[in-house]
Amino acid sequence: MEADKPLSLISGVGGKHGFSEEHADLIRQHFRTVCYSDLLINPHLYAPKIQAVFIWKSNPVIQRCLLQSLPSLKVIATEGVGFDRLDLRYIANMGVKVTNARGVASDATADLAMALLLASARRIVQGHQTAAGGPEPTAGTHRLACDVTGSTLGIIGMGDVGYKVARRSTGFEMNVLYHNRTQRSSEDEEAVGAGYCGNMDDLLRNSDYVVLAVNLSPGATALIGHRELSLMKPSAILVNISSGLVVDPDALVQALQSGTIHSAALDVTHPDPLPRSHPLRSLPNVLRTPRLGSSTARTGSRMVQRMVHDALAVLTHPAVPDQVQSESE
Amino acid sequence: MEKPCVLARKFGNQEAIYSCLSSLVEEHFTVIDLETIASQPEFNQKIQAILVWDGCSFLNRSLLQVLPNLKVVVNGGAGVNHLDIPLINSFGVKVCNTPNVVGNATADLAMGLMLASARNIIQGDSFSRCHEEGQDIDESHFGRDVSSKTLGIVGMGNIGYRVAKRALAFDMKIFYHNRRRRPVEEEQMVGAEYCPVLEDLLAVSDYVVLLVNLSKASTHLIGRKQLSAMKSTATLINVSRGMVVDQEALVEALQNKTIQAAALDVTYPEPLPRDHPLLSLPNVIVLPHMGTHTLETSRHMIKQMMANALAALAGETPPDEVIV
């Protein structure tokens, strides 16, 4: 019965941040929905009954005052990238679980990591600009592209996404090193030819490409700063598909400007969006994509279905472990 | 002892070997550049080899006629369609290429183009550089999946096979079309299924990668008929030679949305004129033929060129002589 369905909060349907009609219908198969604007107009009608929030394109923005106004809230379901805007500790203290559509996004996110790595290494954007009539780069060493086959890939964060990046790199005969809070099983390691680096410094020193695939947690903030960047090879390329908060942005700018590292390919930055004058917007050795994460047309529906499924799982089995807080890294 | 003399474009110029790698050549040879022999023809009789890199607009009959001691023309790269081999051979001069060192770099670029096209990397980068605060990227820019999609490889030689290996790790379903079928064990290693009929491969592929050698048979292999056989959501990736594709038909197909996108490392001519439609179509990536332009691969190519040149000058059989 319609009235039996739990009530969920969404930012809206249509528009910049809303779900598409098709996706909203997927949610409505199992939940009633209230849009954020309606909640603001009629808080007393809706707020006490909201049990779930579905976040899409980082909306609705979850602030403490909103959380405090939702006494029945049990779960916040997010799409893969974007829960770095949540105050995870505060939410956990309230007894609310966070889910992140674990697994659905990982293929597409791993693909994006490889796309960024290859585009950056092989200077695809620069090449396209040259072909379209841009200035011809002079053929000094620094203008030559970097080889990918046979190079060393260092993966920081070997959860779903990190592991899938490792798998994709095997076709390129890359030597894979990884750093994670816990070591993977030897079968997992052998399947992708990955070697564990208990000490992240070793990984940084030896890698030609460093891919950041950590899930954001308090420990992962500013994981990569001045010191870590200076350990990297001057020919190394940094790829960030996790969260802008994982890298100290000032340290990154300095490293890129001084040649401490060769270049960076970033799907995420902090702050986001970057102010107009921020160097990361204009440095020649930075490739950026606008938080594409796992966004591909087909993944969208699967993502929403997974979010609904995960939220239902929490409501029906409250003992289900929190996906975000308790993940392997 | 004086090093033997080779003719090549001046390092760092267009069609020339990168300056940073010149020592690999000068270790073995004294390099005479084109401007020098033009102004000092006494050098002509010293030239024993010609090094060709990135094009050879200077290599013609009148040049060959004035180099009596020329033994070999060595090309950096696998493709030699730009060289008139029968003409060169008629002067008693061998032609060599470097077929076995370009495979990985070219396969890497094919994958890079496929992923860059699929995930709209170029538009994403432009948007990120220019967008205003609060402006969100349109959903139409989100891109397409690569993992688990279907890849059709046209030309399953050395490089085609390497592309299959890479695609396998993305869980792609792989079909291939080739003049002859590969042994079953080789197919199984990369999970590739043979399509004897090209149009069958084109009909099922989300991504089509062209990796044939250019020959009479493969000129305009992909024309109107073949483009119409492709899915309207498909992407064409060309890292072989521009002439393998009927370029006018390709422009039409993209404009009419017969196919969704194209990513090309090769065109004809190279470079394309600035106002060519391929350079302004929204779903097209064009690169300035950089399939092998990486530091390590360039280094390997030059070393292999040196090995071929030295062998030919010593009267031995060079490892990579091209016999037509």
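Below, chains carry the letters A, B, ... as their sequence lines are ordered, and counting in each starts from 1.
The candidate from Leu168(B), Leu287(B), Leu264(B), Leu272(B) with the greatest count of non-hydrogen atom pairs under 4.5 Å with chain A is Leu287(B). Note: Val148(A) leads Val148(A), Leu116(A), Leu280(A), Leu117(A) in heavy-atom pairs under 4.5 Å with chain B. When Gly171(A), Ser282(A), Ala132(A), Ala265(A) are compared by the number of non-hydrogen pairs under 4.5 Å with chain B, Gly171(A) comes out ahead. Taking chain A as the reference chain and counting heavy-atom pairs below 4.5 Å, the highest number among Pro271(B), Ala263(B), Ala105(B) is found for Ala105(B). Heavy-atom pairs under 4.5 Å with chain B were tallied for Thr289(A), Val125(A), Asp107(A); the largest tally goes to Thr289(A).
The nearest pair of heavy atoms linking Ser147(B) to Arg168(A) is OG-NH2, 2.7 Å. A pairwise comparison of heavy atoms in Thr149(A) and Arg166(B) identifies OG1-NH2, 2.7 Å as the closest pair. The two residues Pro290(A) and Ser128(B) make their nearest non-hydrogen contact at N-OG, 3.5 Å. The two residues Arg122(A) and Met290(B) have their closest heavy-atom pair at O-CE, 2.9 Å.
Proximity to chain A (any heavy atom under 4.5 Å) is shown, for Met111(B), by both the backbone and the side chain. Proximity to chain A is absent for every atom of Val163(B), based on heavy atoms less than 4.5 angstrom apart. With a 4.5 angstrom heavy-atom cutoff, Thr292(B) touches chain A only via backbone atoms. With a 4.5 angstrom heavy-atom cutoff, Ser298(B) touches chain A only via side-chain atoms. Glu173(A) touches chain B through its side chain: at least one heavy atom from C-beta onward sits under 4.5 Å away, while N, CA, C and O do not. There is no contact between Asp265(B) and chain A, counting heavy-atom distances below 4.5 Å. With a 4.5 angstrom heavy-atom cutoff, Ala119(A) touches chain B only via side-chain atoms.
A distance of 9.5 Å separates CZ of Arg299(B) from CG of Leu144(A), quoted to the nearest 0.5 Å. For the atom pair CG (Leu118(A)) and CE (Met114(B)), the distance works out to 9.5 Å, reported to the nearest 0.5 Å.
Residues His128(A) and Pro288(B) form no side-chain contact, since every pair of their non-hydrogen atoms from C-beta on lies 4.5 Å or further apart.
Arg119(B) contributes a side-chain N or O that, together with a main-chain N or O of Ala108(A), makes up a donor-acceptor pair within less than 3.5 Å.
The environment of NZ in Lys231(B) is crowded: more than 12 heavy-atom neighbours from other residues, nucleotides or ligands sit within 6.0 Å.
Across Leu109(B), Ile121(B), Leu115(B), a single residue satisfies side-chain contact (heavy atoms from CB on, under 4.5 Å) together with Ile124(A), and that is Leu109(B).
Remark: the Asp147(A) side chain and the Thr297(B) side chain contain an N/O donor-acceptor pair separated by less than 3.5 Å.
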Cys146(A) vs Thr294(B), side chain to side chain contact (heavy atoms under 4.5 Å, CB included): CA-CA, chis, key distance, verdict: CA-CA 5 Å; Cys146(A) 307; Thr294(B) 65; over 6 Å; no
Side chain to side chain contact (heavy atoms under 4.5 Å, CB included) assessment of Phe170(B) paired with Arg167(A): CA-CA 8 Å; Phe170(B) 285 75; Arg167(A) 175 160 154 64; over 6 Å; no
